[in-house]
Amino acid sequence: MQLKSLLSEAIRDSFKELNITPKTTQVNEAAKPEFGDFQYNGVMALAKELKENPREIANRVALVLKENPLFERVEVAGPGFINLRIDKKFLEDNLLQALDSRAGVREKEDKIRVVVDYSSPNMAKQMHVGHLRSTVIGDALANLFEFLGDEVIRQNHIGDWGTQFGMLIAYFEENAKERAKELSDLERFYQAAKKRFDEDEEFATKAREYVVKLQSGDKECLRLWREFIDTTLAHTQEIYDKLGVKLGLDDVRGESFYNSDLPNLVEELEQKGVAKESEGAKCIFFEDKAPLIIQKKDGGYLYATTDLAAIKYRVQELKAKRISYVVDARQSEHFKQVFETAKRAKIVDDSIILEHIAFGMVLDKSGKPFKTREGGTIKLKDLIDEAVRRAREIIGKDRDYSDEELEHIAKVVGVGALKYADLSINRLSNYVFDWDKMLSLDGNTALYMQYAYARINSILRKAPEIESKKVIIGDELEKKLALKILSFEDILNRAYIEAMPHLITNYLYELAGLFMKFYENNPILKEGVKSEIRDSRLLLAKATANVIKKGLNILGIEVVERI
RNA sequence: GCACCCGUAGCUCAGCUGGAUAGAGCAUCCGCCUUCUAAGCGGACGGUCUCAGGUUCGAAUCCUGACGGGUGUACCA
């Protein structure tokens, strides 16, 4: 349920009764427990505008609010804060909602079709740590959008076109006897080809010729190209499956897909007067910024051109209303220019949201870009394997599992830790990679949440059938827990609007923490606990588990019943 | 040079669109298992919110300007 919206409504209604138009109806969580559960701070600013006494207005509003059965207590404090205590009965009546399959969360009313563009691996290369954040954050956001009712079209804009393929094909021709069947070969070939390209002008020219040949549809070139792509995609898919990321081959719309549209697009932009020629290149100009080049003087196209063609396709063919690019913050200028160009060219109108969901880099503990000891890029495959290996070590230490069970839990915990660590910090910050912190049981980690979930399940397994479906809020801990459980929808909505997954992890951490405290102090199955109380606490525990599971699933993280 | 992002406890990070005495985890120290998973919980210690102005009843939060760090910046993606 949308608890905060309900509170805002209550505020709005009470102002209405007083014939006052409030500046805001936004309600915040109380800063201190003594203040109650929520506080409304909007009176002060309003009073200033009306040139009236804030305390007096607050008193009048409070008087109306007191009539609302939602509140147990309404108090005016300080210069005009209105402190609100939610009635226990309200929580008791509504908590059971959180037990349903959507953990009590409704879909949005205004459902839209949204394209989420993420992951975008390079072809002819293994996925590396540089692809981690886009893949993990993008998938989590796609899940979130979907869960709230949007129709999500995942798009994997792979780099499957361009000079690197000319290089590869040229290198293959030179070394016709060697054939790459494995991606690892392909990658080695790529490096060798790159070296030749950089060092040998003749080779470079040949490589460029191959690009032209490829673009003009030469059969043999295309055949080789297809082989490279398929080999790489097979590897990519393995990584997605390991990560539990919901990208598939159907979601792939690489740069090559837009290739045939590029000449038309450039012409269109020229005709509309958006693009102009300068020094032989077709450019779009901006104030105080370098121009965006969409066609080189040699006639070649650039990734800006492809991005524009992709926007056109996504708007016109896919009918997207929101297009979210989950891409490295370093490209923010590029996207600003591309979006601006799309608007100038009227490829998109104002009703369509184009957004760059930027994120920072992955750094090591010393603050430098995260690399192997030798300075190479870290392969995503190795990163995942290492996460699972470490998880197995930690998990297996004090517990007895069958081999199968250990393997399964290690995967869930290891992969979960890897993803959660990335998702739990504000995406705009650079992210410091730390194995120990990631797999720690203390603090805001996946394992802490998974542990809380498993613990609850352990209780539920031992518990008798719940007879009375009635929640009784007995103390402040239970009340806080219930309030938190019912705030799930508020948080998801905020995370949706801001495209910020860390809001969800923060919430889950608070929820799990509150449960742990509740659990320490309020016995459930111990002797002497009356059956109504026991059942009520079981319901609270069950609702907590349900929300944790749902929240983690949205983030793309699994849970295990036993840990 | 210009643009964008970041600057909060020793370290890693929150801080809910301007509210009351700025919060977590790690690290350090101290408590709590004959009883539901101690892989847990509680407490202590730790802060000129980089600095300086401004806006106002009220600023970590908004504005301006410094300083420090990162990133980008005409034919690579």
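On a predicted model such as this, the values are computed, not experimentally measured, just so you know. We name chains A, B, ... by the order of the sequence lines, and we start the count at 1 in each one.
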[X] side chain, from C-beta outward: closest of [options]:
X	options	result
A:K526	B:U35, B:G15, B:U73	B:U35
A:E520	B:C76, B:C41, B:C13	B:C41
A:E29	B:A14, B:G15, B:C16	B:C16
A:Y451	B:A77, B:C36, B:U37	B:U37
A:H502	B:U37, B:A77, B:G15	B:G15
A:K48	B:C36, B:G40, B:C57	B:C57
A:M361	B:A77, B:G70, B:G72	B:G70

Does [N] have OP1 or OP2 under 4.0 Å away from a side-chain N or O of [X]?
X	N	result
A:K517	B:G42	yes
A:Y431	B:C6	no
A:S332	B:C4	no
A:K462	B:C36	no

[X] with [Y]: basic N within carboxylate O range, under 4.0 Å:
X	Y	value
A:K368	A:D364	no
A:R537	A:E478	yes
A:E49	A:K23	yes
A:E340	A:R344	yes
A:K297	A:E279	no
A:R562	A:E405	yes
A:E393	A:K397	no
A:D198	A:K194	yes
A:E75	A:R73	yes

For [N] and [M], measure between their [atom1] atoms and round to the nearest Å.
N	M	atom1	answer
B:G46	B:C30	C1'	15 Å
B:U61	B:U55	C1'	14 Å
B:C45	B:C6	P	33 Å
B:G65	B:U73	C1'	24 Å
B:A74	B:G70	C1'	24 Å
B:G7	B:C51	P	13 Å
B:A3	B:A66	P	10 Å
B:C11	B:A44	P	23 Å

Heavy atoms only, 4.0 Å cut-off, all strands: where does [X] land among base, sugar-phosphate and nothing?
X	value
A:E255	sugar-phosphate
A:S278	base
A:I563	base
A:I294	nothing
A:H334	nothing
A:I425	sugar-phosphate
A:E279	base
A:A290	sugar-phosphate
A:A454	base

query = Between A:R461 and A:A512, who's closer to the 5' end of RNA chain B by nearest nucleotide?
reply =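 Between the two, 5'-proximity favours A:R461.
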
task = Report the residue (A:Y448 or A:N426) whose heavy-atom-nearest nucleotide on RNA chain B is the more 5′ of the two.
result =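 Going by which nucleotide is closer to the 5' end, it is A:N426.
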
query = Can you name the one residue among A:Y258, A:Y301, A:W225, A:F257 that meets ring pair (Phe, Tyr, Trp, His ring centres under 6.0 Å) with A:W161?
reply =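 Among the candidates, only A:W225 passes.
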
query = How would you label the glycosidic angle of B:C6: syn (within 90° of 0) or anti?
reply =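 The base of B:C6 is oriented anti (glycosidic angle more than 90° from 0).
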
query = For B:U17, is chi within 90° of 0 (syn) or not (anti)?
reply =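 Syn conformation for B:U17.
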
message = Are more than 12 heavy atoms, taken from residues, nucleotides or ligands other than A:K484, located less than 6.0 Å from that residue's NZ atom?
response =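 Yes, because the 6.0 Å sphere around NZ of A:K484 holds more than 12 heavy atoms from other groups.
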
Greater than 12 external heavy atoms within 6.0 Å of A:E277's CD =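 Counting neighbours around CD of A:E277, more than 12 heavy atoms of other residues, nucleotides or ligands fall under 6.0 Å, so yes.
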
Could you give the [atom1]-to-[atom2] distance, from [X] to [N], as a whole number of Å?
X	N	atom1	atom2	result
A:L7	B:C16	CG	P	18 Å
A:N430	B:U12	CG	P	12 Å
A:N521	B:C32	CG	C1'	11 Å
A:K365	B:C13	NZ	P	12 Å
A:E49	B:U56	CD	P	14 Å
A:I491	B:C16	CD1	P	11 Å
A:H356	B:G72	NE2	C1'	12 Å
A:K484	B:C16	NZ	C1'	10 Å

query = If we require ring centres under 5.5 Å and near-parallel planes under 30°, does A:Y519 stack on B:C36?
reply =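 Aromatic stack with B:C36 present for A:Y519.
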
Base B:A77 to side chain A:T306, donor-acceptor N/O within 3.5 Å cut-off =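 Such a pair does not exist between side chain and base.
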
key: A:H334/A:Y303 aromatic ring centres below 6.0 Å   =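 Ring centroids of A:H334 and A:Y303 are less than 6.0 Å from each other.
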
Protein proximity profile, nucleotides 17-30 of chain B - base contact B, sugar-phosphate-only contact S, no contact -, cut-off 4.0 Å on heavy atoms = B-BBB-SSSS----

Over-ring placement of A:R133 relative to A:F433, 6.0 Å and 45° cut-offs =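 No, A:R133 does not lie over the aromatic ring of A:F433.
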
query = How does RNA chain B look in dot-bracket form if you count Watson-Crick and G-U pairs under 3.5 Å, write [ ] for pairs that cross, and put | where a base pairs with another strand?
reply = (((((((..((((.....[...)))).(((((.......))))).....(((((..]....))))))))))))....

